[in-house]
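Reckoned from all heavy atoms, side chains included, excluding hydrogens, waters and symmetry mates.
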Amino acid sequence: MAMRNGPHPNPLPDLPGEGTRITAADDPRVARFVNTADPHRVESATHFLVESENVVMRFLASDFACETVLCAEHKVDRIVPLLKPGTEMLVADRTVVNQIVGFKFHSGVMAMGRRKAPLTIDDLLARSTTGRDQNATYLILPEITDAANIGAIIRTAAAFGCDGVVLGEQCRDPFIRQTIRVSMGTIFFIPLVQSTDLRADLAALRQKHGVELWATVLDDEAVSLDQARRGQRVGLLLGNEGPGLDPDIVRLCDRKVTIPMRRGTD
């Protein structure tokens, strides 16, 4: 049930910009945050939703634009110093925050971000290297369908220092709420390309940019990872959760590599 609007007994600390207290879940200013329980929710082609205090803090430290932050009162002191000029700050009692988002939201912090212009393969290569003599590693995901898996892979790629991630046409949108959360905010710091023609982009990586493509497969012909010797530019392709890499994609690659498994594990 929405709370009645009225003065609050404990005034907020000074808030930057248009800091506003929200006292009712049906306040039109929080409409963008209403009923966000669906982990696969996609805001739009221009915006995305970020949830949880740690992820929002990393988002605010990135160069992505933040339009609005919804914050429970007990988190204000931690979030306010991170806000850039022009960010709208909405603050509510934690009970009201729970009513707005539609579930018990213990973290108490959400943000609405604006997507950047899409990167191309040429953009990606220009960002990460300045010449063919420099080492670079790219992770290429032709068809990862689970949002959480994409988030975990992006987080791993960031941890290992990959220079970028390329997602094929069949991959889920990487800016789904669940993917962003599972990535723990690393998605805001690693270049991403959402390909619209993966085969053409793979050809460009090989022929134009000198990237050696490695297919990760369960194959007797594949080189064991501990025996593989990399070149200066490598694109590592990971397969779908079920069937793995499409054979047509494998044929476009320069090498096959594998991690040997025991007891028939795939």
Side-chain angles (χ1 to χ4, degrees), residues 58-59 61-64 116-144 149-171 174-175 179-180 182-241 244-261:
R58 288 181 176 174
F59 165 56
S62 76
D63 61 359
F64 277 79
K116 294 180 179 179
L119 290 180
T120 66
I121 288 295
D122 288 344
D123 294 331
L124 176 64
L125 271 290
R127 281 175 170 234
S128 56
T129 60
T130 57
R132 289 189 178 223
D133 59 340
Q134 293 189 353
N135 289 337
T137 303
Y138 307 100
L139 202 59
I140 303 169
L141 314 176
E143 190 181 355
I144 302 296
N149 287 345
I150 294 177
I153 292 170
I154 289 172
R155 185 178 182 185
T156 304
F160 277 92
C162 287
D163 295 275
V165 178
V166 179
L167 297 96
E169 308 96 310
Q170 304 304 314
C171 283
F175 286 95
T179 300
I180 294 172
V182 174
S183 83
M184 283 303 297
T186 56
I187 192 172
F188 303 119
F189 297 94
I190 188 168
L192 295 176
V193 173
Q194 183 87 57
S195 176
T196 57
D197 188 341
L198 184 62
R199 284 169 172 77
D201 283 339
L202 292 176
L205 285 169
R206 293 181 71 237
Q207 299 165 15
K208 183 177 180 180
H209 299 289
V211 176
E212 186 178 33
L213 301 180
W214 289 16
T216 59
V217 294
L218 295 172
D219 191 317
D220 291 339
E221 297 179 357
V223 176
S224 176
L225 186 60
D226 61 342
Q227 300 297 318
R229 294 295 176 264
R230 61 164 292 154
Q232 290 178 320
R233 288 184 166 189
V234 171
L236 190 66
L237 283 80
L238 303 183
N240 173 270
E241 295 91 339
L245 287 172
D246 187 294
D248 290 339
I249 293 291
V250 174
R251 282 190 283 271
L252 297 176
C253 295
D254 302 287
R255 301 180 66 181
K256 299 177 183 178
V257 295
T258 196
I259 298 176
M261 299 289 180

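Using a 4.5 Å heavy-atom threshold, the side chains of Leu245 and Pro142 count as touching. The shortest distance between side-chain heavy atoms of Arg206 and Leu213 falls below 4.5 Å. Side-chain contact between Val166 and Leu124 is present, with at least one heavy-atom pair separated by less than 4.5 Å. Annotation: side chain of Val193 is not in contact with side chain of Thr120 (no heavy-atom distance under 4.5 Å). Between Leu205 and Ile140 the shortest side-chain heavy-atom distance falls below 4.5 Å. Under the 4.5 Å side-chain criterion, counting only non-hydrogen atoms from C-beta, Asn135 is not in contact with Arg233. In this structure the side chain of Trp214 never reaches within 4.5 angstrom of the side chain of Leu237, judged on heavy atoms.
Going from atom CD of Gln170 over to atom CG of Asn240 covers 10.0 Å, rounded to the nearest 0.5 Å. Atom CD1 of Ile190 and atom OG of Ser183 lie 10.0 Å apart (nearest 0.5 Å). With rounding to the nearest 0.5 Å, the separation of CD in Glu169 from CZ in Arg199 is 7.5 Å. Note that the CZ atom of Arg127 and the CG atom of Asp123 stand 7.0 Å from one another [nearest 0.5 Å]. The distance from atom CD1 of Ile144 to atom CG of Leu167, rounded to the nearest 0.5 Å, is 8.5 Å. For the atom pair Ile259 CD1 and Leu225 CG, the distance stands at 5.0 Å (nearest 0.5 Å).
Exactly one of Ile249, Ile121, Asp197 qualifies for a side chain to side chain contact (heavy atoms under 4.5 Å, CB included) with Leu202. That residue is Ile249.
Shortest non-hydrogen contact noted between Ile150 and Cys171 is CD1-CB, 4.3 Å. Nearest heavy-atom pair, Ala157 versus Leu139, reported as atom, atom and distance to 0.1 Å: CB-CD2, 3.9 Å. When all heavy atoms of Thr216 and Gly239 are compared, the pair lying nearest together is OG1-N, 4.2 Å. Looking at every heavy atom in both residues, Glu143 comes nearest to Glu241 through O-OE1, 4.0 Å. In terms of heavy-atom proximity, Gly235 sits nearest to Val211 at N-CG1, 3.3 Å. Across all their heavy atoms, Pro174 and Thr179 have their closest contact at O-CG2, 3.1 Å.
Thr258 places no side-chain N or O within donor-acceptor distance of the main-chain N or O of Pro260, the cut-off being under 3.5 Å. No side-chain donor-acceptor contact under 3.5 Å links Arg255 to the backbone of Ala215.
The neighbour count for Asp220 CG, taken as heavy atoms of other residues, nucleotides or ligands under 6.0 Å away, does not exceed 12.
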Q.
As a quick check of understanding, evaluate side chain to side chain contact (heavy atoms under 4.5 Å, CB included) for Arg229 and Val223, giving each step before the final call.
A. CA-CA 10 Å; Arg229 294 295 176 264; Val223 176; over 6 Å; no

Q) After noting the C-alpha distance and the side-chain angles of Leu125 and Tyr138, does the key distance pass the side chain to side chain contact (heavy atoms under 4.5 Å, CB included) rule? A) CA-CA 10 Å; Leu125 271 290; Tyr138 307 100; 3.1 Å; yes

(Q) Using side chain to side chain contact (heavy atoms under 4.5 Å, CB included), reason through Lys208 and Asp122 one step at a time and then give a plain yes or no. (A) CA-CA 9 Å; Lys208 183 177 180 180; Asp122 288 344; 2.8 Å; yes

Q: Test side chain to side chain donor-acceptor pair (under 3.5 Å) on Thr137 and Asp163 and set out the steps.
A: CA-CA 6 Å; Thr137 303; Asp163 295 275; 4.8 Å; no

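Side-chain polar atoms of Asp226 and Ser224 form a donor-acceptor pair below 3.5 angstrom.
Between Phe64 and Phe188, the ring planes lie perpendicular to each other; the angle is over 60°, past the 30° to 60° tilted range.
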